[in-house]
Amino acid sequence: MTSIWDGTKVRLRGIEPEDWQAFMRFDQFSADMRSVDLIHPPRSAAGYRRWATDCASRPASDDEFQLAIESLSEQIVVGALSTTNIDRRAGRFSYGIGIGRDYQRRGFASDAIVVLLRYMFGERRFHKCGVGIYAFNEASINLHEKLGFQVEGRLRDHEYFAGRHHDVVIMGVTIAEFTERYPLPDV
């Protein structure tokens with residue numbers, strides 16, 4: 001049996017101190033930073049090393065975590081994801097994902113999301129996953145639709161950057177919708 005953290009193309013793993021260079025490379029592209037989160041002020045190489053070391057030494061949590069996405073074939077970091085907005089009472093959570101520019105459109109994001117959802121639905125007993133995607137990020141909206149997420153709404157003029165306000169598309173998938181496409185593995 002392979003690890004629950006292995007997909008067909010990627011492995012989700014903890015961030016290691018030596019991963020700092022990959023994340024520094026990813027942050028060189030403002031459009032990529034913005035599509036994942038927002039543009040942060042420049043950080044020094046020492047700042048990236050400290051950040052990666054802090055991530056590597058942070059105590060583990062069952063439901064809130066940040067992971068590196070590693071290509072199985074090349075064994076290099078191609079992106080990262082993190083869980084957010086954990087609501088154990090209601091059984092829902094969110095996540096954010098970013099894939100480095102050189103690794104986009106190769107199936108890494110979809111594989112990483114499936115691995116994450118199998119864990120959160122199958123092991124942590126969550127019922128629903130919701131994501132907020134900038135309306136201009138059509139590639140991410142299309143990816144999530146292909147994975148079974150449904151558009152649940154739109155927050156108009158919700159985020160501000162690049163000199164104006166932007167809409168956020170809210171999408172969600174329940175465990176039943178997910179497992180219809182991606183059955184949970186047998187024990």
Side-chain angles (χ1 to χ4, degrees), residues 5 7-10 12 15 22-23 25-41 55 61 63-71 77-88 90-122 124 126-182:
W5 300 106
T8 57
K9 295 183 177 202
V10 301
L12 302 184
I15 295 172
F23 289 102
R25 257 191 332 278
F26 298 155
D27 284 353
Q28 290 176 347
F29 301 96
S30 296
D32 293 349
M33 285 178 79
R34 184 177 284 131
S35 70
V36 171
D37 182 24
L38 52 92
I39 296 177
H40 296 278
C55 285
S61 166
D63 299 329
E64 289 193 36
F65 46 81
Q66 185 170 19
L67 300 172
I69 302 170
E70 180 180 87
S71 160
V77 176
V78 297
L81 64 74
S82 59
T83 56
T84 61
N85 302 319
I86 303 297
D87 186 334
R88 290 178 187 91
R92 66 178 176 254
F93 70 99
S94 297
Y95 66 85
I97 186 167
I99 302 294
R101 174 173 291 247
D102 295 338
Y103 308 105
Q104 294 174 0
R105 313 272 188 280
R106 292 171 53 184
F108 295 139
S110 59
D111 195 37
I113 293 167
V114 169
V115 170
L116 174 69
L117 293 179
R118 280 191 174 136
Y119 173 74
M120 296 299 279
F121 287 147
R124 301 302 306 152
F126 283 92
H127 170 74
K128 184 177 180 185
C129 176
V131 294
I133 303 168
Y134 297 133
F136 63 80
N137 192 344
E138 293 178 22
S140 185
I141 292 169
N142 292 336
L143 165 68
H144 284 85
E145 284 177 341
K146 288 178 185 172
L147 292 172
F149 283 73
Q150 304 292 314
V151 173
E152 297 184 342
R154 177 182 287 256
L155 302 173
R156 298 176 307 115
D157 288 345
H158 194 69
E159 296 290 335
Y160 181 84
F161 50 82
R164 65 186 184 92
H165 285 88
H166 298 269
D167 292 358
V168 174
V169 175
I170 304 301
M171 301 184 79
V173 66
T174 65
I175 185 173
E177 293 164 339
F178 176 75
T179 56
E180 187 175 303
R181 292 176 189 235
Y182 304 95

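Here the structure is a predicted model, which means the values were calculated and not measured.
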ask   = Ignoring hydrogens and geometry, is there a side-chain-to-backbone donor-acceptor pair from Asn142 to Glu138 under 3.5 Å?
value = yes
remark   = For Val169 and Arg154, the nearest pair of non-hydrogen atoms, with its separation, is CG2-NH2, 3.9 Å
inquiry  = Test of understanding: with ring-ring contact (aromatic ring centres under 6.0 Å, His included), list the residues that count as partners of His165, not counting sequence neighbours.
reply    = Tyr160
Distance-minimising heavy-atom pair for Val77 and Tyr103 = O-CE1, 4.0 Å
ask   = Roughly how far apart are Ile113 CD1 and Leu143 CG, rounded to 0.5 Å?
value = 4.5 Å
ask   = Is there a donor-acceptor contact under 3.5 Å from the side chain of Thr174 to the main chain of His127?
value = no
remark   = Between the CZ atom in Arg106 and the CD1 atom in Ile99, the distance rounded to the nearest 0.5 Å is 10.5 Å
query = What is the distance from atom CZ of Phe108 to atom OG1 of Thr8, rounded to the nearest 0.5 Å?
reply = 10.0 Å
key: Qualifying residues under side chain to side chain donor-acceptor pair (under 3.5 Å), relative to Glu64, sequence neighbours excluded   = none
message = Using a 6.0 Å cut-off, check whether atom CD of Glu180 has over 12 heavy atoms from anything other than its own residue.
response = no
Centroid-centroid distance, Tyr134 to Phe161, less than 6.0 Å = yes
ask   = Is a donor on one side and an acceptor on the other found under 3.5 Å between the side chain of Asp167 and the backbone of Ala135?
value = no
ask   = Which atom names give the shortest non-hydrogen contact between Ile170 and Gly132, and what distance separates them?
value = CD1-CA, 4.1 Å
message = To the nearest 0.5 Å, what is the distance between NZ on Lys128 and CD on Glu177?
response = 8.0 Å
Main-chain N/O of Phe93 paired with Asn85 side-chain donor or acceptor, under 3.5 Å = no
request  = Report the relative orientation of the aromatic rings in Phe136 and His166; use parallel for angles under 30°, tilted for 30 to 60°, perpendicular for over 60°.
outcome  = perpendicular
Check: Gly130 main-chain N/O paired with Ser94 side-chain donor or acceptor under 3.5 Å = yes
Gap separating the CE atom of Met171 from the OG atom of Ser140, nearest 0.5 angstrom = 8.0 Å
note = In terms of heavy-atom contacts, Gln66 and Cys55 come closest through OE1-SG, 3.9 Å
key: Pairwise distance CD1(Ile69) to CD1(Ile15) - rounded to 0.5 angstrom   = 9.5 Å
